[in-house]
Amino acid sequence: MMRNRKRRIGVMGGTFDPIHYGHLVAAAEAVEEFGLEEVVFVPAGQPPHKQPEAVSDAVHRYMMTVLATVANDVFTVSRIDIDRPGPSYTVDTLAELQRRYGPDTELYFITGADAMSQILQWKDGASLFEMCHFIAATRPGYGLMGFKKALGPIAQQFKDRIHPLQVPALAISSSDIRHRIRQGRSARYLLPDPVWHYIMKNGLYRWPNSST
Ligand code: ATP
Ligand code: MG
């Protein structure tokens, strides 16, 4: 039935400092809802909007992303942003992934609705809509209004490429997890066990200067 359709690959970019169930639930829902063949998690090398000293080493963030996704056959992790020098711009990531997967692949960039509202501030923001589809994770019960407003005429122009997706675990965030650990509170049920153990074993997020 859908034999002639291009294959759909999901792309989940992020700092993943640390990766948590919000990211994983959003990716899993996107697979089911849009028939994605694979979701590639792409930890940022140097996130453009964050101070380098406020972000954990790329090696830790990469390792945690691998640990979190290892049991899922359709989740993979790419080093492309980590291995590319300089700030990690999504426009470069998407161009490189499209080149690797080839013209028979459509990329679906998965992002939280919060990040979706800021896309026009990203490098070559408007041109991203020509490069991929967007799956925007929203909180159940909330519609498209927030980021539609932020995107202005772009939202209308590319409405066939912007897909909202309701995600139940949207309240989880990496910053809240870091904050909890620094305060000695538990975060272990907000992320997969192996990631929790990795954080404890390496003493991540305990000190005020590591990240906020
Ligand atoms: P921080 O709190 O440090 O900003 P974060 O939890 O937002 O971290 P990121 O690595 O910045 O995690 O996010 C990567 C991508 O995942 C972004 O597109 C973000 O909007 C999305 N995202 C983050 N948390 C969730 C969540 N709970 N559910 C769905 N998507 C999420
Ligand atoms: Mg964020």
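Computed from a prediction, not measured in an experiment: that's the story for all the values here. One-based numbering along the sequence shown. Remember, it's 1-based here, ligands and their atoms both numbered in the order they're listed.
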Checklist entry - What are the atoms of ligand 1, with element, lying closer than 4.0 Å to any heavy atom of Gly14? => result 10 (O), 14 (C)
Next on the checklist: Is there a polar contact, in the sense of an N or O pair closer than 3.5 Å, between His23 and ligand 1?
Outcome noted: yes
Checklist entry - Which of the numbered atoms in ligand 1 are below 4.0 angstrom from a heavy atom of Thr111? => result 18 (O)
Item to check | For His20, the ligand 1 atoms whose distance to one of its heavy atoms is below 4.0 Å | outcome: 6 (O), 24 (N), 25 (C), 27 (N)
Next on the checklist: I'd like to check which ligand 1 atoms, numbered from 1 as shown, lie under 4.0 Å from a non-hydrogen atom of Ser173.
Outcome noted: 2 (O), 6 (O)
Next on the checklist: Checking the N or O distance criterion of under 3.5 Å, is ligand 1 in contact with Ala137?
Outcome noted: no
Checklist entry - Looking only at distance, does Gly13 have an N or O less than 3.5 Å from an N or O of ligand 1? => result no
Next on the checklist: One residue to check: Lys50. Relative to ligand 1, which of side chain, backbone, both or neither has a non-hydrogen atom less than 4.0 Å away?
Outcome noted: side chain
Item to check | Backbone of Phe16 reached by a side-chain donor or acceptor of Ser174 within 3.5 Å | outcome: no
Next on the checklist: How about CD on Gln183, more than 12 heavy atoms from neighbouring residues, nucleotides or ligands closer than 6.0 Å, or not?
Outcome noted: yes
Next on the checklist: Determine whether a donor-acceptor pair (N or O, by modelled atom type, separation under 3.5 Å) exists between the side chain of Asp17 and the backbone of Ser56.
Outcome noted: yes
Checklist outcome for this item: Contact region, Val25 to ligand 1, non-hydrogen atoms below 4.0 Å, reads neither
Item to check | Under 3.5 Å: donor-acceptor pair, side chain of Lys149, backbone of Ser117 | outcome: no
Next on the checklist: Please check: side-chain N/O of Ser78 versus main-chain N/O of Ile80, any donor-acceptor pairing under 3.5 Å?
Outcome noted: yes
Checklist entry - Knowing that exactly one of Glu38, Arg7, Glu96 qualifies, which makes a side chain to side chain donor-acceptor pair (under 3.5 Å) with Tyr101? => result Glu38
Next on the checklist: Taking 4.0 Å as the limit for heavy-atom contacts, which would you say applies to Ala113 with ligand 1: side chain only, backbone only, both, or neither?
Outcome noted: neither
Next on the checklist: Quick check against the 3.5 Å criterion: does Arg61 have a side-chain atom that pairs as donor or acceptor with the backbone of Ala44?
Outcome noted: yes
Checklist entry - Under 30°, 30 to 60°, or over 60°: which ring-plane class applies to Phe134 and Phe129, parallel, tilted or perpendicular? => result tilted
Checklist entry - Could you walk me through whether Met116 and Thr138 pass the side chain to side chain contact (heavy atoms under 4.5 Å, CB included) check? => result CA-CA 10 Å; Met116 194 74 203; Thr138 64; over 6 Å; no
Next on the checklist: I want to know if ligand 1 touches Ala171 in the polar sense, i.e. an N/O pair below 3.5 angstrom.
Outcome noted: no
Checklist entry - Counting N and O atoms only, with roles assigned by atom type, does the side chain of Gln98 sit under 3.5 Å from a partner on the main chain of Thr105, one being a donor and the other an acceptor? => result yes
Checklist outcome for this item: ligand 1 to Asp114, heavy atom cutoff 4.0 Å, flagged ligand atoms 20 (O)
Item to check | Numbered atoms of ligand 1 (with element) below 4.0 Å of Arg178, judged on heavy atoms | outcome: 3 (O)
Checklist entry - Looking only at N/O atoms, are Ala26 and ligand 1 under 3.5 Å apart anywhere? => result no
Checklist entry - Can you find an N or O of Asp17 that's nearer than 3.5 Å to an N or O of ligand 1? => result no
Next on the checklist: I'd like to check which ligand 1 atoms, numbered from 1 as shown, lie under 4.0 Å from a non-hydrogen atom of Phe16.
Outcome noted: 10 (O)
